[in-house]
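Heads up, the thing below is written out as structure tokens.
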Amino acid sequence: MKPIFRTRSRDRQARWFLLLTLPWLIGALFFHILPILAAGVLSFMDWRPPMPPTWTGMTHLNTAATDALLWRTLRNSAVYAAGSVPATVILGLILALLVDHRRQVSRFFPAIYFLPAAISGVATTLMWAWIFNPRYGLVNLALVRVGLQGPAWLQDERWAMPAMILIALWSAGSSTLVYLGALQNIPAELKEAAVLDGATWLKVLQCIVWPLISPATLYLFVANTIGSFQVFTPFYLLTQGGPDFSTLTLPLYIYLNAFSWGKMGYAALLALILFCVVFVLTAIQFRVAGRWVFYLGYSRH
Amino acid sequence: MHPASNPSHEPLWQRTVYSLLLIVTALPFIFPLAWLLLMSLQPSPHLYSARQPLSLANLTLANYLQAWELLDLPRMFRNSLMISLLSTAGCVLSSSLAGFAFAFLPYSGSRLLFGVTLSTIMVPAGSTLIPLFAFFSYLGWVNTFLPVILPFALGNAFYVFLFRQYFRTLPLELFHSAELDGCNPLTAYLYIAIPLARPALAAVAIFAFLASWNDFLNPLIYLHSPELHTLSVGLASFQGFYFTQIHYLLPISVLSILPLLLVFGFAQRFLVQGITAYGWSP
């Protein structure tokens, strides 16, 4: 990187750098980095908020090793990620390809696809409670119309998690926008040349478009995986982990341990486990990426 | 994506099919919201009967009026708005300052610090929850607005990255001549970088606002007194008490989405541009 402020000494340069980055560095340190380390310390302690924490050594680790609910939780979180992340990415790609089909790309439809992701919060989550309502809900009323008897969705052990994944799919629009950006960066000559050489639409997609948007695919897989391990609101509001723990995921399990069951120390250990899971998954994704992600020489990133 | 796909060269039926496809794919994204709005305007007995068809004939605001009296909505709006605006202002400032420094002030440690910045993306919110709660209780900040504002207001790696990328597209000559004219990095940031970064500022501001407005976990943990409740927490606690009373829940849901729709309507251009231009979303 070329220095902009050339006449200044290195010392002053460094001082300015630290001064300007200070707010963010404090934020990163106190709200991201130190808490992870603190979670490591807290997971060897017992702590019920009004009282000061006390050392318990390896107790929590032993508890975790035999905690059947923890394994259930990890499995649920994995199912949720595996069910929602690839589906979101693929849906995002399909919609982006559809919009990008025209040279004069519509601005209206990407915005519509993106709207749910932008506004999703407590209100839209509660809306889903009503959409999946077994008797009056939109989904089951529609199924009755076509002569089907819909399941009880959020109240049915087998259908609660699929319903949660459907809710996650509603926010696929942000992936669409990321893909749309990647698609619009593809030089038109490349595709035109391929078509002149007789390539079909599918061939162009497979051999030109897909490799060129692979950095976006990697980004979306990594970011959406991390995101899927953070989702809390729908699980807390719609099912509280039920029925029969079928939708108990890690963030909710951490919350329940800490704030409903007063097991702060154990929750800290769970927090550390959550971080390790996300870290390992991210590392694997970057590792595998070397094999299939393609960076064009003049790519901006 | 087909190179030959120029609308004027296509036959009418192809254009029609294409438009229809766009509309059909947009429906699932918009329909639940439209349905929510329609439901909230129905007379309340209709909501509790599967047989009563929804109709556009007898729309009523009765549910809204009743719900308005039941909850202290103006206060929740005020709280949400204050928290979101302060978080957004702080977030834009911290992130843009850091992005500017990473873009223009090379320093022996900046590569390392940029790596640290990006690695914070990998820290899921759930895993910092407990230590942060311990930290904020130690400071005596539980049941104040500080724990729901500060973590947002000190910035976010995504936004720092976006600002850095954006600033790097600005012509360097501007800053060279600014320095000759006596600018230091801070004044160059204020008078040159910021005025030129309006699209990035707008995108980050809106993302930060939406993120803070939609945040539920932090207000749930830290804001216990009803007079501190934000819309998200208020709405959620309301659901607990009146789970079956959908005719209250629906209008309040609509009211709490309304400001977001307004923000989105005005700003979607920046959001869509922000994401498509930089290839990321938070």
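Computed from a predicted model, the values in this text were never measured in an experiment. Order of the sequence lines fixes the chain letters, A, B, ..., with proteins taken first and strands second; residue numbering starts at 1 for each chain.
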Which of the residues [options] is involved in the greatest number of heavy-atom pairs with chain A at under 4.5 angstrom?
options: Leu93(B), Leu113(B), Val160(B), Thr117(B); result: Thr117(B)
options: Thr120(B), Ile121(B), Val254(B); result: Thr120(B)
options: Gly126(B), Ser253(B), Ser127(B); result: Ser127(B)
options: Leu220(B), Val263(B), Val233(B), Leu21(B); result: Leu220(B)
options: Val142(B), Ile252(B), Thr25(B); result: Thr25(B)

Tell me, side chain or backbone of [X] under 4.5 Å from chain A's heavy atoms, or both, or neither?
X: Leu150(B); result: both
X: Ser95(B); result: neither
X: Ala134(B); result: both
X: Val116(B); result: side chain
X: Ile23(B); result: both
X: Phe114(B); result: neither
X: Leu129(B); result: side chain
X: Ser119(B); result: neither
X: Ile206(B); result: neither
X: Ala211(B); result: neither
X: Leu33(B); result: both

What residue, out of [options], has the most heavy-atom pairs lying under 4.5 Å from chain B?
options: Gly27(A), Gly265(A), Pro23(A), Gly121(A); result: Pro23(A)
options: Ala194(A), Ala28(A), Ala39(A), Gly227(A); result: Ala39(A)
options: Ile131(A), Leu138(A), Ile186(A); result: Leu138(A)
options: Val99(A), Leu126(A), Ile254(A); result: Leu126(A)
options: Phe279(A), Tyr255(A), Tyr179(A), Phe108(A); result: Tyr255(A)

Which bit of [X] is near chain B, if near means a heavy-atom gap under 4.5 Å: side chain, backbone, both or neither?
X: Leu98(A); value: both
X: Phe275(A); value: both
X: Val144(A); value: neither
X: Ser171(A); value: neither
X: Leu25(A); value: side chain
X: Ile33(A); value: side chain
X: Ile112(A); value: both
X: Leu42(A); value: side chain
X: Phe259(A); value: side chain
X: Leu18(A); value: side chain

Determine the interplanar angle of the [X] and [Y] rings, folded into 0 to 90°, and report it as parallel if under 30°, tilted if 30 to 60°, perpendicular if over 60°.
X: His101(A); Y: Tyr18(B); value: tilted
X: Phe133(B); Y: Trp47(A); value: tilted
X: Phe114(A); Y: Phe264(B); value: tilted
X: Phe102(B); Y: Phe17(A); value: perpendicular

* Stepwise, does the side-chain contact (heavy atoms from CB on, under 4.5 Å) test hold for Leu36(B) with Trp130(A)? -> CA-CA 9 Å; Leu36(B) 178 70; Trp130(A) 209 238; over 6 Å; no
* Side-chain heavy-atom pair Phe31(A), Thr128(B) within 4.5 angstrom cut-off -> no
* Within-4.5 Å side-chain heavy-atom neighbours: Ile257(B) and Thr124(A) -> yes
* To do: Apply the test side-chain contact (heavy atoms from CB on, under 4.5 Å) to residues Trp16(A) and Asn184(B): give CA-CA distance (whole Å), side-chain angles for both, the deciding distance (0.1 Å), then the verdict.
  => CA-CA 9 Å; Trp16(A) 275 113; Asn184(B) 64 33; 3.6 Å; yes
* Roughly how far, to the nearest 0.5 Å, is CE of Met127(A) from OG of Ser40(B)? -> 12.0 Å
* **Leu97(B) CG to Leu19(A) CG distance, which is reported to the nearest 0.5 Å** => 8.5 Å
If you take all heavy atoms of [X] and [Y], which pair is closest and at what distance?
X: Pro131(B); Y: Pro35(A); answer: CG-O, 3.0 Å
X: Asn214(B); Y: Ala118(A); answer: ND2-O, 3.1 Å
X: Thr21(A); Y: Ala98(B); answer: CG2-CA, 3.8 Å
X: Ala258(A); Y: Ile130(B); answer: CB-CD1, 3.2 Å
X: Met122(B); Y: Val278(A); answer: O-CG1, 3.5 Å
X: His32(A); Y: Val123(B); answer: O-CG1, 3.9 Å

* Is there a side-chain contact (heavy atoms from CB on, under 4.5 Å) between Phe30(A) and Leu154(B) once you walk through the steps? -> CA-CA 10 Å; Phe30(A) 279 90; Leu154(B) 289 182; over 6 Å; no
* Worked check of side-chain contact (heavy atoms from CB on, under 4.5 Å) between Thr176(A) and Phe29(B) -> CA-CA 12 Å; Thr176(A) 303; Phe29(B) 292 92; 6.0 Å; no
* Do Trp170(A) side-chain atoms and Pro28(B) backbone N/O form a donor-acceptor pair below 3.5 Å? -> yes
